[in-house]
Every structure is written in structure tokens, then in C-alpha cells.
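All remarks here apply to the structure that follows.
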Amino acid sequence: NSLIVVGKIKSNSFTSSKLAKSVYDAGWFEIKRQLDYKCANAGCHYIEVNEAYSTQTCSCCGSRQDSPKGREGLGIREWFCRS
């Protein structure tokens with residue numbers, strides 16, 4: 001692949017105890033580090049993106065005005081941006 005995109009994941013949202021948090025944190029860091037290293041070696045791009053509002057943002061213009069929101073918007077799988 002020429003591009004690998006990974007979400008900026010905070011491991012504390014997956015854990016409940018202090019020991020588990022450190023284990024998950026070390027694991028996520030190592031995966032990201034290896035991906036970055038391998039992509040640099042292979043000539044492909046590695047990007048970490050913020051996942052906030054990623055399902056509500058228009059991929060063309062970046063607008064979030066007309067996007068589906070709330071429980072009623074969960075059934076909508078395709079939407080068209082008016083911007």
C-alpha cells in the first residue's frame with residue numbers, strides 16, 4: 001500500500017485498571033512505531049489522524065453542517081453534502 005492511515009487512539013479508553021493501561025499503552029505505541037518505521041523503509045506514507053467527527057465530516061469540503069447526527073442518523077449510510 002502507498003498510504004496507511006491510523007486513528008490517534010488513546011489506550012485509556014480501553015482499560016479500567018492501572019496495570020492494563022500501561023500494557024495497552026506500550027502495545028499501541030509499538031504498533032505505531034513499527035508502522036512508521038516500515039513505511040519509511042518501503043517508501044509509503046504513514047499518517048495518524050484525529051477520529052473526532054470523522055463519520056460526520058464531508059470528505060470533499062470538510063463541512064459538518066448537513067451530516068446525520070444522533071440516534072436517528074445511525075441508519076443513514078450515505079448522505080450528500082449540500083455545500
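Note that the coordinates shown come from a computational prediction; the quantities given were computed from them, not determined experimentally.
Note on Ile4 and Ile31: same hydrophobic cluster, where clusters join Ile, Leu, Val, Met, Phe, Trp and Tyr whose side-chain heavy atoms are under 4.5 Å apart, directly or indirectly.
A search for side-chain contact (heavy atoms from CB on, under 4.5 Å) contacts involving Cys44 returns Cys39, not counting sequence neighbours. Residues passing the side-chain hydrogen bond (donor to acceptor under 3.5 Å, both in side chains) test with Tyr46 are Glu48, sequence neighbours excluded.
Note that CG of Asp36 is 11.0 Å distant from CG of Asn41, once rounded to the nearest 0.5 Å.
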